[in-house]
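For reference, the structure is listed below as structure tokens.
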Protein chains: 2
Amino acid sequence: MNRHAPTLEDVAREAGVSRATVSRVVNGVRNVDPAIQDQVRVAIERTGYAPNRAARSLVTRRTGTVALVVSGAGDGTGDTSEEEQNAFAARVFADPFFGRVVGGVVGFLRPRSTHPVLMFAESPEARQEVLRYLRQGNADGALVVSTHPDDPLPALLAEAGLPAVLFARPVRPVALSHVDLAHWDGGRLAAERLLARGCRKVATVSGPWAVAASQERLAGFRDTMARGGHPYVPVAEGGFTLDSGVAAMAELLAEHPDVEGVFAANDLMAQGVCQVLRERGRRVPDDVAVVGFDDSSVAATCRPPLTSVRQPVEDMAAAMARLLDEHVRGLRTEPASVLFEPELVVRESA
Amino acid sequence: MNRHAPTLEDVAREAGVSRATVSRVVNGVRNVDPAIQDQVRVAIERTGYAPNRAARSLVTRRTGTVALVVSGAGDGTGDTSEEEQNAFAARVFADPFFGRVVGGVVGFLRPRSTHPVLMFAESPEARQEVLRYLRQGNADGALVVSTHPDDPLPALLAEAGLPAVLFARPVRPVALSHVDLAHWDGGRLAAERLLARGCRKVATVSGPWAVAASQERLAGFRDTMARGGHPYVPVAEGGFTLDSGVAAMAELLAEHPDVEGVFAANDLMAQGVCQVLRERGRRVPDDVAVVGFDDSSVAATCRPPLTSVRQPVEDMAAAMARLLDEHVRGLRTEPASVLFEPELVVRESA
DNA sequence: TCGTGGCGGGAGAGCGCTCTATGCCCTCGG
DNA sequence: CCGAGGGCATAGAGCGCTCTCCCGCCACGA
């Protein structure tokens with residue numbers, strides 16, 4: 001706070017060289033005489049110099065910052081009050097999924113000393129703010145995690161020609177890179193597990209139908225059950241939340257009290273499924289086996305701990321960051337997609 | 001991506017005025033002839049101009065960005081692997097507390113069109129990175145949430161004269177503003193609830209002893225119980241995690257099988273307490289009443305839903321952001337502290 | 001000896017913005 | 001009718017950095 005921060009000029013004077021030389025040493029470009037390098041380094045040390053990023057990015061047109069955008073519903077009528085926005089953020093992070101995304105992103109970014117700016121785009125104004133932010137050059141690009149299938153943000157970003165990478169393939173094709181999971185295989189793994197346990201009467205709590213991932217998980221599950229000789233699988237639609245899992249299971253149980261196995265399309269709903277089963281006097285896994293999806297932290301803390309289809313979220317998030325980095329650096333110009341394979345993690349629930 | 005982004009110069013040419021005039025219109029300073037204002041606005045519209053933030057902050061020395069730092073353990077020997085870092089982030093966000101902090105911060109910041117950069121400072125290198133980041137002028141200041149009592153970051157920030165605001169009063173006095181909760185009163189509320197329900201044998205799962213908040217919650221609880229005629233309250237120390245709640249409750253139950261009421265110093269541990277009680281055949285709240293702390297999202301999703309001492313985390317986080325804003329703008333020069341009052345939220349567990 | 005090429009360093013032109021100093025012009029009082 | 005003064009716009013100087021020239025020096029070959 002006292003005085004002014006030292007500048008390149010100050011360091012140069014201290015070291016008895018020119019600005020350009022100091023810049024070269026700082027950025028490690030071109031050959032600089034080792035002796036002079038040392039001089040400069042000493043001068044930097046002595047002055048406590050730290051390059052001013054605003055000045056640097058003014059000329060390089062790179063910021064060392066990416067936007068990590070959690071994008072919400074489609075229409076979003078009216079403006080978002082502070083209250084609603086708070087709720088959105090809290091809801092988003094209530095799903096352990098996002099913590100893992102953040103972890104993976106930061107894990108990749110930090111060694112490159114770039115950092116994520118957290119943004120929420122749950123309303124039209126918020127979306128505009130994101131676009132404005134990127135167009136102003138505040139960040140080099142965006143990592144987008146949509147919570148809603150017909151999120152308009154990806155299209156807006158693509159249209160504006162802003163570098164962006166999506167988590168999950170968008171329903172409507174968009175010229176952006178994305179990472180995704182082989183959801184069908186995930187459904188298959190869940191079915192195989194239930195079949196292997198000898199469950200014959202099985203049901204499933206799917207994710208929202210509008211979400212492509214839900215459909216694929218369901219398809220993988222159903223196809224595999226059919227192949228195993230069980231062509232009929234009752235389905236109740238959930239919304240990836242605990243409450244919706246509770247409601248869906250209650251519904252299923254009312255119509256199919258003899259169910260022996262349940263596949264829930266994420267762990268939060270699986271937790272709800274377990275709650276309902278226990279309340280109705282069913283033991284998990286003795287009476288009913290339950291398989292979740294994600295292998296998130298609730299899978300481990302749930303009682304009983306959930307057998308779950310693992311989604312390598314951290315790796316996927318890191319891959320997003322990598323793709324974005326490549327786009328920003330111009331190493332990659334065409335949209336690409338990276339697909340990850342799920343894996344079954346066996347615990348106690350199935 | 002195509003061509004160059006329009007600059008002030010372009011807009012000025014388009015509108016037939018000078019750069020300075022456009023700048024004034026954009027920033028809304030000084031009187032500008034309304035007719036010219038319109039001209040300029042039209043030109044801005046037509047060119048799709050967006051002010052370049054790097055250039056702006058180069059001269060204003062403000063960035064419109066704050067660092068939101070989640071700061072970890074004290075020593076942290078050795079460097080942090082990407083794995084460990086991932087785990088840290090996931091662990092941090094596993095506690096719904098942080099989602100609420102983020103929500104509150106974003107809620108305050110967004111109307112001021114500033115945004116938080118998420119940083120983790122769980123190792124010495126990561127801490128240095130935070131300092132470097134701030135000293136480089138990447139952000140105007142830092143909002144710090146420590147997960148560990150002897151976190152050295154606050155002192156480092158204060159020493160470097162960087163604007164920062166802490167969540168919770170630091171153990172060692174530091175010349176930084178902070179927000180906090182009246183934890184003692186929170187403990188009192190919990191005790192009053194249990195006393196009102198007629199619980200006589202009560203026990204408590206405290207937070208880590210090194211954390212001042214834990215001690216204050218405990219003190220408020222004990223003092224109030226004592227005043228109610230119950231001077232002896234068994235305590236087991238937990239670590240604010242679900243597992244630690246489980247362990248602590250198991251321990252308490254072994255020594256005091258006749259317990260009628262339990263106060264856990266946060267909801268995550270309260271959830272663990274409920275799990276253990278159920279496994280040991282105790283009904284909540286019929287046999288044992290349980291009061292949690294925080295009123296976080298797990299309080300609502302726990303079975304049974306937890307009666308909990310509400311901590312207005314969103315408001316506290318917003319207050320942090322406000323304090324920081326005032327420091328950055330120079331409206332406030334001396335460290336200040338803002339204290340919030342807890343509130344009892346009654347659900348089913350007590 | 002001089003020419004040539006390559007390496008290491010310096011000079012200086014911006015990057016896009018803000019803001020102070022300056023100057024124009026119009027109005028109003030004397 | 002002239003001078004003073006105030007409202008509004010402009011000119012231009014940076015903010016701190018990068019990067020493209022350019023130049024000097026030395027080693028080497030002719």
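These numbers come from the heavy atoms of this one structure, side chains and all, not from hydrogens, waters or symmetry mates. In what follows, chains carry the letters A, B, and so on, assigned in the order in which the sequence lines appear, proteins first and then strands, with residues in each chain numbered from 1.
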Revision key, fill the gap. Contacts of A:Arg322 meeting salt bridge (charged side-chain N to carboxylate O under 4.0 Å, His left out) (sequence neighbours excluded), chain-then-number -> A:Glu326

Check your understanding: For A:Arg61, what residues pass the salt bridge (charged side-chain N to carboxylate O under 4.0 Å, His left out) criterion, not counting sequence neighbours?
Key -> none

**Study point:** Non-neighbouring partners of A:Arg13 that pass salt bridge (charged side-chain N to carboxylate O under 4.0 Å, His left out), sequence neighbours left out
**Key:** A:Asp10

Practice item. With the side chain counted from C-beta on, respond yes when B:Phe167 and B:Val179 share a heavy-atom pair under 4.5 Å apart, and no when they do not. Key: yes

Practice item. Take the C1' atoms of the five end pairs on each side of the helix from C:dT1-D:dA30 to C:dG30-D:dC1, derive the two axes, and give their angle rounded to 10 degrees. Key: 60°

Exercise for review: For each nucleotide in nucleotides 11-21 of chain D, reading 5' to 3', give B when a protein heavy atom comes within less than 4.0 Å of its base, S when such contact involves only the sugar-phosphate, and - otherwise.
Suggested key: BBB-BBBBB-B

Revision key, fill the gap. Those residues at least two apart in sequence (or on a different chain) that pass ring-ring contact (aromatic ring centres under 6.0 Å, His included) with B:His178 are none

**Study point:** Set of side chain to side chain contact (heavy atoms under 4.5 Å, CB included) partners for B:Arg132, sequence neighbours left out
**Key:** A:Ser113, B:Glu129, B:Gln136

Review point. For the pair made of CD in B:Gln37 and P in D:dC8, what is the distance, rounded to whole Å?
Key: 10 Å

Practice item. Name all residues meeting the ring-ring contact (aromatic ring centres under 6.0 Å, His included) criterion together with B:Tyr133; count only those two or more places apart in sequence or in a different chain, and write none if there are none. Key: A:His115

Review point. Under the salt bridge (charged side-chain N to carboxylate O under 4.0 Å, His left out) test, which residues partner A:Arg100, sequence neighbours left out?
Key: A:Glu314

Check your understanding: Nearest-Å distance, CG (A:Asp33) to C1' (D:dG24)?
Key -> 15 Å

